[in-house]
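Report on the following structure.
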Amino acid sequence: MTQFNLAPESDSEVSRGRWSSRLAFILAATGSAVGLGNIWKFPYVTGENGGGAFVLVYLLCIAIIGVPIMMAEVFVGRSGRHNPIASMRLVAVRNLSSPAWRISAIIGMIAAFAILSFYSVIGGWAASYIGHAAMGDFTGGTADSIGGLFSALLASPGQLLAWHTLFMALVVVVVSCGLKGGLERAVTILMPALFLLLIITVGYATTTGHFGEAVSFLFTPDFGALTINGVLIALGHAFFTLSLGMAIMMAYGSYLGRDVAIGRTAVSIALMDTVVALLAGLAIFPVVFANGLEAGAGPGLIFQTLPLAFGNMPMGSLFGALFFILLLFAAWTSGISLLEPVVEWVEENTSMGRSGSAIVVGVLCWLLGVASILSLNLWSDVAPLAMFERFEGKTIFDLLDFFTANILLPLSGLLTAIFVGWFVARESLKADLDLSDGTFAVWLTLLRFVTPVAVVIVFIYNLLA
Ligand code: PFF
């Protein structure tokens with residue numbers, strides 16, 4: 001078993017890599033947070049769950065559950081300075097608690113692995129749409145013709161497999177080269193560019209004549225449209241979109257310098273993530289309403305609405321191609337962060353080295369992704385949990401998405417919150433987080449009481465519902 005040095009480390013003693021600046025960490029963590037979850041998933045789950053009330057619950061979850069847990073995860077990573085499982089164990093032992101707390105990081109890493117398997121499939125969709133846009137396939141398109149393109153992609157296991165393979169290879173290459181050089185540089189350019197393109201698409205959306213309708217859909221709460229399952233999904237999505245409950249912020253925090261204020265940093269990341277999601281909603285729903293599309297269309301929503309917008313705006317092929325390139329990059333930086341913790345763990349526990357670990361984990365994850373691909377076509381009737389009424393008709397893809405986002409992530413986040421809130425010495429939290437007394441008290445209260453109670457209530461309701 002690995003022997004840990006239980007003494008708190010000073011920076012000079014630590015030989016691991018380090019982010020080159022606070023900004024680099026913010027960009028990398030934002031690169032992880034901002035991804036398909038914001039641009040692909042947020043609009044479609046909002047559409048499926050009736051709009052405004054769902055958005056409100058989601059924003060609440062981000063503010064009072066997401067941000068405090070993000071701070072707790074970064075704290076564990078920075079104190080532990082190892083892979084997430086070892087860091088949790090180390091921080092637990094240092095605080096005279098059971099090393100079994102590392103279960104939260106284990107659950108998180110299992111979730112990260114499972115999520116990457118289907119995330120890569122969807123990243124592949126984004127990649128394939130770059131070509132469609134660039135070749136003018138959307139130009140003058142109608143809702144039907146563009147819907148047809150999407151159905152054709154999903155019906156073709158061969159195409160999906162090729163794009164999934166490409167995406168996974170991109171992720172493995174960066175992770176095997178180590179975290180710093182490539183990733184830091186890439187996010188510095190890509191994140192601002194993504195913002196800019198989103199704003200251009202929102203600009204187009206304002207010209208559709210249905211912008212007001214979209215704003216009221218997103219921001220006027222209609223609690224009648226919200227179900228308890230919707231609340232669970234909002235909670236799960238808050239975790240997913242901030243990359244929480246997956247040991248990722250622990251892994252990234254483990255490279256963070258001591259001089260960085262964790263609280264302010266977490267708030268900045270959450271803010272940027274939320275702004276991108278809301279902008280995506282404002283880009284997409286006006287087009288949905290203007291073209292009589294279904295807001296609750298599900299996972300295909302952005303692949304059927306944005307192309308319509310691009311197909312009907314000046315220079316749409318150019319903007320469309322750029323947009324899907326950026327979507328691919330947003331997904332890529334998130335995909336890298338999904339692979340990172342597992343690879344870090346395999347690397348520290350085997351003799352395979354960085355590249356070997358990245359390749360082995362990547363191939364296994366790719367294999368699991370194949371099951372998701374098949375559930376879109378050849379296995380679309382396979383519903384492994386059909387014996388339970390609630391999972392009737394849910395494919396392997398649906399189940400992986402449901403169990404990771406709605407069960408594993410909140411569970412891992414809950415354990416981390418309880419551990420950091422109740423079992424870590426107050427003085428060490430206080431010293432490390434560097435918050436004012438008032439803010440610290442608010443944070444600790446949220447972590448100790450609000451997060452656990454909220455997550456548990458939502459879980460129980462959902463079991464009974
Ligand atoms: N937060 C990313 C998104 O919203 O697309 C997805 C993601 C990345 C989830 C990394 C989880 C994760 F660990």
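Ligands are counted one by one from 1 in listed order, and the atoms in each one are counted from 1 as well. Index from 1, following the sequence.
Ring orientation note: the planes of Phe42 and Tyr58 are tilted relative to one another, at an angle of 30° to 60°. The aromatic rings of His132 and Tyr129 stand perpendicular to each other, their planes meeting at an angle above 60°, with 30° marking the opposite boundary. Classified by interplanar angle (parallel below 30°, tilted 30° to 60°, perpendicular above 60°), the ring pair Phe150/Trp125 is perpendicular. Relative orientation of the Phe118 and Phe397 rings is tilted, given thresholds of 30° and 60° on the angle between their planes.
Because its NZ or CZ atom is both nearer than 6.0 Å to the ring centre of Trp422 and within 45° of the ring axis, Arg448 counts as a cation-pi partner of that residue.
Each of the following atoms of ligand 1 lies closer than 4.0 Å to a heavy atom of Leu36: 5 (O). Remark: ligand 1 atoms within the under-4.0 Å shell around heavy atoms of Gly37 are 3 (C), 4 (O), 5 (O). Proximity to Ser334 (heavy-atom distance under 4.0 Å) selects the following atoms of ligand 1: 2 (C), 8 (C), 10 (C). Listed by atom number, the atoms of ligand 1 under 4.0 Å from Tyr119 heavy atoms are 2 (C), 3 (C), 5 (O), 6 (C). Each of the atoms 10 (C), 12 (C), 13 (F) of ligand 1 lies under 4.0 Å from some heavy atom of Ile248.
At a 3.5 angstrom cut-off on N or O pairs, Ala33 counts as close to ligand 1. For Ser337, no nitrogen or oxygen atom sits less than 3.5 Å from a nitrogen or oxygen atom of ligand 1, counting backbone and side chain alike. Below 3.5 Å of separation, one finds no N or O of Val34 facing any N or O of ligand 1. Where the criterion is an N or O separation shorter than 3.5 Å, residue side chain and backbone included, Asn38 meets it with respect to ligand 1.
Put simply, CZ on Phe113 and CG on Leu408 are 13.5 Å apart, with the number rounded to the nearest 0.5 Å.
For the residue pair Ser243 / Ser32, a side-chain donor-acceptor distance below 3.5 Å is found, with atom types taken as modelled.
Using a 4.0 Å cutoff on heavy atoms, Ser32 counts as a contact of ligand 1. No heavy atom of Phe42 sits closer than 4.0 Å to any atom of ligand 1.
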